[in-house]
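See structure below.
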Amino acid sequence: MHNVIKLTRASLSKSSRCFSSKPSSPPLSPLLPFTSSPSPLRIRNICLIAHIDHGKSSLSSRLLHPQTEAANDREDIGLLDTLSVEMDRGITVKATTASVIHTSKKTNEIYLINLFDSPGHVDFSKEVDRCLDVVEGGVILFDACQGVQAQTVSVYEKARKRGVKMVPVLTKVDMENSKPLEICLSVSEVFGEFDPDEIVLTSARENLGIEELLEEIVEKVPPPEVKFGDGKLRCRVVDSWYEVQRGVVCLLKLESGQLKEGDRVVVLKGGGEEGQRDSFSVQEVGVMAPNRFRTKVLDENMMGYAIIGMRNPRQASPGGVIVLHKEEKEMEKEKDDLFFTKEEGEGGSVLYASVHPKEESGFDDMVAAVERLALNDLGLEVSMQKGGGGGGGEAAGVGGGPFLGPGLRIGFQGMLHVEIFRQRLMDEFGVEALVTSPKVKYEIKYLPSAKKPRAEGKPEIEIIEDISNWPGGEDKFEVREPMVNCRVMAPHEYAGAIMELITKRRGGSMETKVIDDNIWMFTARMPWAEVVTDFHDELKSSTAGFASYDAQIDEENPMEKANLCKVEILLNGDVVDVLSFIAHNDVAALQGRSVCKKLEEVLPRQQFKIAIQAKAQNRIVARSTVQPYRKDVLVKSGKMVGGGDMSRKKKLLEKQKAGKKKMAGGKVVLSQAAFNSVITK
Ligand SMILES: Nc1nc2c(ncn2[C@@H]2O[C@H](COP(=O)(O)OP(=O)(O)OP(=O)(O)O)[C@@H](O)[C@H]2O)c(=O)[nH]1
């Protein structure tokens, strides 16, 4: 039996004595020679997975703690959450990796553990997929107070599907309201594969159970498989990011061979052809610990970084494979087997919006920033078309109509992803962007119509992710919308509220499962458009914050027919597509009214009146007005103009009226707040 704490009430009550106080791993620097050529048998690749906020980053930092210079006794030093958006919001949005050296007390062997700290929020689950694709082990965390949550089940399923060996861990056992025994029993019951005795009890805050966890990892997780026995270089690009000084930095997993500084390499990617690819000279390689630690060589099965003098971010997107230039021809033949992950552009986005620079002149800068950000954010799907374009640069944007400058169409993974994107553009590149209210994509099936027959060559079925392409009034058509399988977990006393909410949001095929004495799980098939916006907020408020949810695209049956219509928003009589939205026929008028009301509150007042209208199914369903600034032309420097001269006063008022009439065609300024009003409806 390994040295995992035996889970008994007695052991729990004296838990602090059961845990060793600090891991005994030595600092990284004396082990430099080892890090450059470890035996694959002593490498472990793992990913920490869990529901949001269950303590992945804190535990990762604690695992790294002995070898970092941050000799700080607190766990929340956030060693791996380094983006400013992560520090600001206290969440992980980007999976990060670091290598930990661990000397096993049992075998006295030194191990190199490459760990990924993955994000917990469902919007960043592409990051979790990317990590699970390159590891053999997953440390699955359960919060000792909250236990199994909806996203835990989903990450467990992802890991199970990939055959990743899981090490179960309870976190935050130091908390006063923690219920380790209860939660361990519940975990074992829900997943049916973890023995409660095997679950490692940890506290990143109190530095408990860390040594035991490291021992469990080296004991349970298998070493990486040796896939190619020919010693030729094949490096998988796991991640990459752009640094102003050094250009593109790639995070690599060496599937085979050895990568040395000075090697000449090429990146095989789907698009490039043999002989046409740029070759690069490897300038620096090393491991992440968690900062860059130069080793000059990376060996088979290691994970580390490489700087190869690349400046164009598009050349090294995740999914590519780095091979030696002299072996390019040979590797070209294996190309199809070498592409391990999806290529850029196949992000499977679920929400689409157009993104515009706040100042029209900033389009080219925005394009460059988005391009760099997309390298590092797998969930983004950017359509960059070559050619003239709105800003005169390389990328052609989408037109913003009379209200916005040129922009880019971008696919996102969810609403939080949109927010994080905007903030990262600002924090990391100083670019302020406006993101229109994101929409899901719809499938339009055109039906035969005598009034407006389909033009020759036009497809019967169209996918629409930009609602300015929504069919016109004369077209006969059916709409299908994307569906998700939604899972909600909450204490059973909220069952009524949860069922009501799911029904209100057009959920169907609802099922309920009892997880333990307290928690029930609700599953339902729901329209994605109903879930992606504020479902989470409403769920939290109707369950006093206790419910957790997770939604996955229904792969088997992704679209379903629905009675939907476009609600057009008009400003001073002009249809503004970037504010228009799609609604179910039953609530179109209601939502139109709500958006008009909200726009009235957020549209900045002008010198002229702004008439806001909502139009659905060929009729105006709502209207409201933003009143203009009213300047009292009869008062000048605090004094009444013209004294008792009525004709002078009349003249001034008429002049003002004429001026306003002239300005009525003025430009309404759209702010981010205006787009947000459409999101929440
Ligand atoms: N008391 C206590 N609090 C902890 C412990 N570990 C983490 N926390 C707190 O729990 C919160 C979430 O911790 P994180 O480590 O950011 O959780 P996470 O799973 O990485 O979060 P995401 O990556 O955003 O999903 C923070 O406020 C931590 O300070 C622990 O062992 N004990």
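For ligands, and for the atoms within them, numbers begin at 1 and follow the listed sequence. Positions are given from 1, in the same order as the sequence printed here.
- Between the choices T202, T92, N207, the shortest heavy-atom distance to atom 23 (O) of ligand 1 belongs to T92.
- Geometrically, ligand 1 and D117 share no nitrogen or oxygen pair separated by less than 3.5 Å.
- The list of side-chain hydrogen bond (donor to acceptor under 3.5 Å, both in side chains) pairs with a residue in residues 535-544, not counting sequence neighbours, reads K504-E538, R505-E538.
- For ligand 1, the atoms lying closer than 4.0 Å to a non-hydrogen atom of I91 are 24 (O).
- At least one heavy atom of D174 sits closer than 4.0 Å to an atom of ligand 1.
- A donor-acceptor contact under 3.5 angstrom links the side chains of H102 and E215, judged on distance only.
- A donor-acceptor pair under 3.5 Å links the side-chain atoms of S60 to the main chain of K56, judged by distance alone.
- Between the side chains of K105 and T103, not a single donor N or O lies within less than 3.5 Å of an accepting N or O.
- If you number the atoms of ligand 1 from 1 as listed, the ones under 4.0 Å from a heavy atom of K56 come out as 15 (O), 17 (O), 18 (P), 19 (O), 20 (O), 22 (P), 23 (O), 25 (O).
- The N/O atoms of T171, backbone and side chain alike, include none that comes under 3.5 Å of an N/O atom in ligand 1.
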Please list, one pair per line, the donor and acceptor atoms closer than 3.5 Å that link side chains of residues 175-185 to other protein atoms, with sequence neighbours excluded.
| residue | atom | partner | partner atom | Å |
| --- | --- | --- | --- | --- |
| S178 | OG | V173 | O | 3.2 |
| S178 | OG | M175 | O | 2.9 |
| K179 | NZ | C145 | O | 3.2 |

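- Note: no N/O pair closer than 3.5 Å links P119 and ligand 1 by distance alone.
- The atoms of ligand 1 that sit less than 4.0 Å from any heavy atom of G55 are 13 (O), 14 (P), 15 (O), 17 (O), 18 (P), 19 (O).
- When the options R236, K161, R162, K253 are evaluated for a salt bridge (charged side-chain N to carboxylate O under 4.0 Å, His left out) with D133, the one that passes is R162.
- Some N or O of G120 is nearer than 3.5 Å to an N or O of ligand 1, by distance alone.
- The contact set between ligand 1 and I52, taken as ligand atoms under 4.0 Å from a residue heavy atom, comprises 24 (O), 25 (O).
- In summary, the side chains of D117 and S57 do present a donor paired with an acceptor at a separation below 3.5 Å, with no hydrogens or angles considered.
- In this structure, a donor-acceptor pair under 3.5 Å is present between the side chains of D550 and Q552.
- Taking any N or O of R205, backbone or side chain, at least one lies under 3.5 Å from an N or O belonging to ligand 1.
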